[in-house]
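Okay, so here's the structure we're looking at.
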Amino acid sequence: MLHPRARTMLLLAIPALIIGVASSLVLIVVMKVASVLQTLLWTALPAKLGFSADSSAWIILMLTLTGIAVGLAIRFSPGHAGSDPALEPLIGAPVSPSALPGLIVALIVGLAGGVSLGPEHPIMAVNIGLAVYLGSRILPRVGALDWTILASAGTIGALFGTPVAAALIFSQTLTSNDDAPLWDKLFAPLMAAAAGALTTSLFFHPHFSLSLPHYGEMQIADIFSGAIVVAIAIALGMVAVWCLPRLHRLMHKLKHPVLILGTGGLILGILGSIGGTVTLFKGLDEMQQLAFSQVFSVSDYLLFAVIKLAALVVAAACGFRGGRIFPAVFVGVALGLMLHEHVDAVPAAITVSCSILGLVLVVTRDAWLSLFMAAVVVPDSTLFPLLCIVMLPAWLLLAGKPMMMAWRNDK
């Protein structure tokens with residue numbers, strides 16, 4: 001009854017479902033362990049020792065020790081805990097299985113210790129490495145690229161709690177032809193992404209959306225306002241793009257990972273003591289604090305945005321194992337709230353969503369993912385036409401500009 005193409009897709013559906021569920025479980029376990037360790041380090045331990053977790057001394061001490069611990073994990077793990085995320089895109093080549101335990105330890109310690117990076121890059125590397133290693137042994141006729149696509153799709157679905165992001169990302173990477181339509185190629189990745197998203201939703205729900213005043217009917221002036229906000233966000237992000245490879249080269253002159261990451265942890269601690277604990281960690285929970293608080297001023301939001309962006313650059317340049325998307329979203333939220341407070345005639349929904357769009361576009365250079373993150377954080381359907389319009393000048397501004405990555409010859 002089924003066409004041979006349909007039978008092929010169904011055959012891939014089972015491994016896609018398994019990989020999607022497994023990708024989500026890896027993420028859940030890592031995040032739960034990191035959460036428990038974070039509570040111990042930032043709540044139980046300072047209370048027992050008579051410190052305040054918000055004090056500059058504790059922040060600097062914790063971030064410095066975190067840097068040293070991550071450096072030791074990288075130095076003494078086989079394969080040196082995978083490749084440096086500053087040199088790799090989000091979806092990269094499979095990592096050797098021997099490097100995965102060290103990579104997981106480095107990720108958990110960094111997340112719990114307050115490093116300003118998200119979990120997306122290491123989790124992606126772990127899931128791709130496991131999928132390629134196990135899949136090539138169970139089904140050797142399936143190529144490494146296919147396992148990589150399924151694992152990355154499952155991870156994206158698990159990270160964002162929806163398969164939509166995976167559909168958008170892979171719709172531009174899986175080109176179609178006459179023999180294999182695009183949706184044939186998307187079928188298995190979407191199955192993996194859906195399985196990952198559903199598995200994640202059984203244990204926790206990612207809190208991306210902010211409670212901002214509803215945006216009404218779009219006006220022509222709002223398009224110009226949004227375009228200006230995006231341009232400001234891109235300008236701020238390009239400063240980070242310029243700084244990252246140069247700081248990466250400077251920090252890696254220290255050679256030893258414990259020295260590099262220990263020094264980086266100290267710098268992150270100093271930045272954290274200036275910006276406060278709201279500028280620590282991956283940024284998703286902290287951006288909720290920004291949106292709900294009524295006490296922050298224009299200068300506060302600006303300070304948070306600059307400190308978080310600086311911490312993101314330092315953490316990435318020093319080789320902390322983590323991703324840059326979630327911290328970039330925090331920077332976008334802080335910048336957007338600052339611009340709204342500065343010019344309150346422009347709705348917060350516009351300033352926040354357009355700032356996120358610009359920052360994520362700089363970090364990822366992926367228009368679909370940038371639109372997705374802006375629409376998820378500010379879930380207002382009336383904004384989507386505006387975001388699509390302001391994406392056009394944003395894409396023009398970034399055409400031909402360097403990516404937010406370090407130079408491969410730094411080392």
Side-chain angles (χ1 to χ4, degrees), residues 35 38 42-43 53-54 56 59 63 111 114-120 160 205-215 225-226 229-230 232-234 236-237 239-240 268 271-315 322-363 370 372-380 383 387:
S35 177
Q38 178 181 328
W42 291 92
T43 303
D54 297 333
S56 297
I59 293 174
L63 266 300
L111 289 174
V115 175
S116 292
L117 292 174
E120 59 272 22
F160 300 113
H205 299 277
H207 296 291
F208 291 100
S209 61
L210 300 179
S211 297
L212 298 176
H214 177 71
Y215 174 64
S225 299
V229 171
V230 168
I232 294 171
I234 289 176
L236 182 62
V239 174
L268 290 176
L271 290 172
S273 67
I274 297 172
T277 54
V278 74
T279 61
L280 304 180
F281 308 103
K282 62 182 180 292
L284 289 188
D285 295 333
E286 289 71 27
M287 76 183 190
Q288 300 288 340
Q289 299 178 33
L290 297 186
F292 282 110
S293 177
Q294 303 294 323
V295 299
F296 296 132
S297 64
V298 171
S299 58
D300 292 328
Y301 288 126
L302 179 60
L303 175 67
F304 296 152
V306 172
I307 290 294
K308 188 68 173 184
L309 189 62
L312 167 58
V313 172
V314 171
R324 301 186 284 274
I325 297 175
F326 291 171
V329 172
F330 176 95
V331 176
V333 171
L335 178 64
L337 292 173
M338 184 274 289
L339 292 173
H340 171 66
E341 289 291 323
H342 184 61
V343 185
D344 58 5
V346 182
I350 293 179
T351 58
V352 172
S353 62
C354 291
S355 294
I356 292 171
L357 187 149
L359 264 300
V360 176
L361 190 61
V362 169
V363 170
S370 304
F372 171 79
M373 293 306 304
V376 166
V377 175
V378 187
D380 195 329
L383 273 174
L387 292 174

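For the atom pair Leu359 CG and Ile234 CD1, the distance stands at 9.0 Å (nearest 0.5 Å). To the nearest 0.5 Å, atom CG of residue Leu302 and atom CZ of residue Phe296 are 13.5 Å apart.
Nearest heavy atoms, Leu111 versus Gly118: CD2-C, 4.2 Å. Minimum interatomic distance between Cys354 and Val229 (heavy atoms only, all atoms of both residues): CB-CG1, 3.7 Å. Taking all atoms of both residues into account, the shortest heavy-atom contact from Leu303 to Ile274 is CD2-O, 3.9 Å. Taking both residues in full, the closest heavy atoms of Ser273 and Ile59 are given as N-CG2, 3.8 Å, listed atom of the first, atom of the second, then distance. Listed here is the closest heavy atom pair of Ile307 and Leu271: CG2-O, 3.4 Å.
Two residues are said to be in side-chain contact when any heavy atoms from C-beta on lie closer than 4.5 Å; Lys308 and Phe304 fail this criterion. Side-chain contact between Ile350 and Tyr215 is present, with at least one heavy-atom pair separated by less than 4.5 Å. Two residues are said to be in side-chain contact when any heavy atoms from C-beta on lie closer than 4.5 Å; Val278 and Leu290 meet this criterion.
Under the rule for a side-chain hydrogen bond (donor to acceptor under 3.5 Å, both in side chains), Tyr301 has no partner lying at least two apart in sequence or in another chain. Legend: residues meeting side-chain contact (heavy atoms from CB on, under 4.5 Å) with Ala315, ordered by chain and number and at least two apart, are Val115, Leu117, Leu268, Phe320. Checked against side-chain contact (heavy atoms from CB on, under 4.5 Å), Ser35 has no partners two or more places apart in sequence or in another chain.
The stretch residues 349-362 participates, sequence neighbours left out, in no side chain to side chain donor-acceptor pair (under 3.5 Å) pair at all.
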Identify every side-chain donor-acceptor pair in residues 281-289 under 3.5 Å, counting partners at least two apart or on other chains, and give the distances.
| from | atom 1 | to | atom 2 | distance (Å) |
| --- | --- | --- | --- | --- |
| Glu286 | OE1 | Gly283 | N | 3.2 |
| Gln288 | NE2 | His207 | O | 3.3 |
| Gln288 | NE2 | Ser209 | O | 3.1 |

Which side-chain N or O atoms in residues 324-349 pair as donor and acceptor under 3.5 Å with protein atoms at least two apart or in another chain?
| from | atom 1 | to | atom 2 | distance (Å) |
| --- | --- | --- | --- | --- |
| Arg324 | NH1 | Pro85 | O | 3.3 |
| Arg324 | NH2 | Met404 | O | 3.0 |
| His340 | ND1 | Val346 | O | 2.8 |
| His340 | ND1 | Ala348 | N | 3.4 |

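No side-chain donor-acceptor contact under 3.5 Å links Thr277 to the backbone of Ala53.
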